[in-house]
Amino acid sequence: MRAVRYHEFGDPDVLQLEEIPRLDPNPDEVLLAVEAIGVNPCDALRREGLWGDDLPLITGSDVAGTVEAAGDRVSAFAAGDRVFGTIPRLNSTGGRGDRQGACAEYVVVREDRLAPLPDGVSATVGAGIGIVGITAWRALRRFGSLEAGDACLVHGGSGGVGHVAVQLASALGATVIATASDERADAVRSFGADAVIDYDRPNGELEAAIAEVTDGVDVVLDHRIEEYVQLDIDVSGYGGTVVVIGNNRDSPTIEDLTEAIGKDLTIQPMDAFSEPHIDSVLRRLGALLRRDRLTVAVAETYDLEETAAAQRAVMNDSFTGKLVIEP
Ligand SMILES: NC(=O)c1ccc[n+]([C@@H]2O[C@H](COP(=O)([O-])OP(=O)(O)OC[C@H]3O[C@@H](n4cnc5c(N)ncnc54)[C@H](OP(=O)(O)O)[C@@H]3O)[C@@H](O)[C@H]2O)c1
């Protein structure tokens, strides 16, 4: 089968399209004929060596496709089923080095990393939702306990995580405030944001614009915490939660902790791959996809040969939603 692997860590040029043998599924795995692969910043970070995986490694995490064969202990899926899911860092080998990633014509995936792809939902959308959907759901529900009537601030509402978080928060009945570039404001509104604020405005203006919508945000989803930590604290209401999913490689500095203390705030870093029940979150996301309460905006699709370009774009380019590879 064709697969995109790397034998050393580095920039996208280390990715090589190779012909390699297909793996047989372990008893708890299925073999998928891959129809689509989502592209995520973590694929690029991992390729750069952030997690020090064993090499060579097939790149890619999120996947959708059709079950070709199922291991003896697999009970949820059978040959012919269409599924979507994600291959986390901790895969079937139990160690940091996965058996393989998603960028290939066939892939083996543990059944508890997958959910059925609902009828009428494309593999492209299924592959696009994995990590960003798990992240948004974990951030807003598991850690933020977001409920109807709450106010939710999503930084970067046009991005992969952001555009799903906006839809999810809206579906949960929250008032949704998102930051985005002016160019993408209409798209973010179409995902369900009640207010979209240009992230290029100085923090003081951002804060004032947020205060026009709510006197206290209940849940913040922040992927650039070193830029926004003080703003997040300032706009949060009593008992609020600031969920941290990323930073721009610098650590945050809180200028004034007094306010956070006074508000009993929770600042909660989280990792999507630490989710203990990935399949159950995927099934919830699948239910929302089936009912058109959630979708994935696919900004661009790539061939398998163009995986390096896709990983460059996910780190450097501006787009609405997700980039997806279709082998
Ligand atoms: N902890 C976890 O489990 C987890 C899971 C998933 C992702 N992440 C991290 O979360 C981040 C976002 O991931 P993603 O997949 O959503 O990436 P993405 O699709 O590239 O989205 C990034 C978003 O950030 C926006 N942005 C750029 N500059 C900004 C600024 N100054 N203020 C606010 N927003 C700004 C971008 O808008 P423009 O297009 O206008 O530049 C874009 O909408 C990445 O760092 C990723 O590594 C963490």
Side-chain angles (χ1 to χ4, degrees), residues 30 32 34-43 60-67 76-77 81-88 101-103 107 109-142 146 154 156-172 178 187-188 190-192 221 223 245-246 270-275 277-302 310 314 319-327:
V30 298
L32 288 188
V34 175
E35 291 170 41
I37 303 139
V39 183
N40 289 284
C42 67
D43 302 332
S61 311
D62 287 345
V63 68
T66 301
V67 175
F77 306 109
D81 289 348
R82 297 187 76 222
V83 296
F84 71 104
T86 193
I87 307 171
C103 277
V107 64
V109 191
R110 260 172 51 176
E111 70 168 326
D112 63 356
R113 312 306 196 211
L114 296 169
L117 187 67
D119 286 345
V121 177
S122 70
T124 312
V125 165
I129 194 76
I131 289 173
V132 297
I134 294 165
T135 306
W137 190 89
R138 263 199 126 208
L140 302 185
R141 281 296 306 151
R142 195 178 294 292
L146 189 73
V154 178
S158 63
V161 175
H163 90 298
V164 171
V166 167
Q167 294 176 72
L168 207 49
S170 173
L172 288 165
V188 177
S190 78
F191 299 135
L221 175 50
H223 67 305
I245 64 162
M270 61 142 272
D271 185 346
F273 287 149
S274 300
E275 170 55 44
H277 304 292
I278 283 180
D279 50 349
S280 108
V281 179
L282 291 172
R283 281 169 191 270
R284 287 166 195 268
L285 295 167
L288 292 168
L289 290 170
R290 187 181 64 240
R291 293 166 55 214
D292 287 332
R293 304 295 296 274
L294 180 64
T295 192
V296 172
V298 178
E300 191 85 54
T301 58
Y302 297 82
V314 82
F319 50 87
T320 299
K322 291 289 299 178
L323 309 177
V324 178
I325 296 167
E326 294 171 335

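- To the nearest 0.5 Å, atoms CG (L140) and OG1 (T135) are separated by 10.0 Å.
- Across all their heavy atoms, A102 and I87 have their closest contact at N-CD1, 3.9 Å.
- Nearest heavy-atom pair across A178 and V188 is CB-CG1, 3.6 Å.
- In this structure the side chain of V83 never reaches within 4.5 angstrom of the side chain of E111, judged on heavy atoms.
- Between A36 and A123 the shortest heavy-atom distance is CB-O, 3.5 Å.
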Inset, instruction - Check the pair R142 / E275 against side-chain contact (heavy atoms from CB on, under 4.5 Å), numbers first and verdict last. - result: CA-CA 10 Å; R142 195 178 294 292; E275 170 55 44; 2.7 Å; yes
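- Residues A64 and G126 approach most closely at CB-C, 4.1 Å, considering heavy atoms.
- The distance from atom CD1 of I278 to atom CZ of R113, rounded to the nearest 0.5 Å, is 5.0 Å.
- Between A136 and L168, the shortest heavy-atom contact is C-CD2, 3.8 Å.
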Legend entry - Evaluation steps, side-chain contact (heavy atoms from CB on, under 4.5 Å), between E300 and F319: CA-CA 8 Å; E300 191 85 54; F319 50 87; over 6 Å; no
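- A distance of 4.0 Å separates CG in L294 from CD1 in I129, rounded to the nearest 0.5 Å.
- Listed for the R82 side chain is no donor-acceptor partner under 3.5 Å among the backbone atoms of P116.
- The side chain to side chain contact (heavy atoms under 4.5 Å, CB included) test with D81 singles out one residue from V67, V30, L32, and that residue is V67.
- Here the straight-line distance linking atom CD of E35 with atom OG1 of T66 works out to 4.0 Å at 0.5 Å rounding.
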Inset, instruction - Decide yes or no on side-chain contact (heavy atoms from CB on, under 4.5 Å) for V296 and V298, but give the supporting numbers first. - result: CA-CA 6 Å; V296 172; V298 178; 4.2 Å; yes
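- Between L282 and I134, the closest side-chain pair of non-hydrogen atoms falls below 4.5 Å.
- Atom OG1 of residue T124 and atom NZ of residue K322 lie 12.5 Å apart, to the nearest 0.5 angstrom.
- With hydrogens and angles ignored, the 3.5 Å screen pairs a side-chain donor or acceptor of D271 with a backbone N or O of F273.
- Within the model, atoms CD1 of I245 and CE of M270 stand 6.5 Å from one another, a figure rounded to the nearest 0.5 Å.
- The side chain to side chain contact (heavy atoms under 4.5 Å, CB included) with V314 is formed by just one residue from the set L323, D43, N40; it is L323.
- Side chain to side chain, T295 and Q167 fail the donor-acceptor criterion of an N or O pair below 3.5 Å.
- Heavy-atom minimum distance, F191 versus G157: CD1-O, 4.2 Å.
- Between R291 and P118 the shortest side-chain heavy-atom distance does not fall below 4.5 Å.
- Listed for the H223 side chain is no donor-acceptor partner under 3.5 Å among the backbone atoms of G156.
- Checked by atom type and distance alone, the side chain of D62 pairs as donor or acceptor with a backbone atom of I131 at under 3.5 Å.
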Legend entry - Derivation and outcome, side-chain contact (heavy atoms from CB on, under 4.5 Å), residues V132 and V161: CA-CA 4 Å; V132 297; V161 175; 3.8 Å; yes
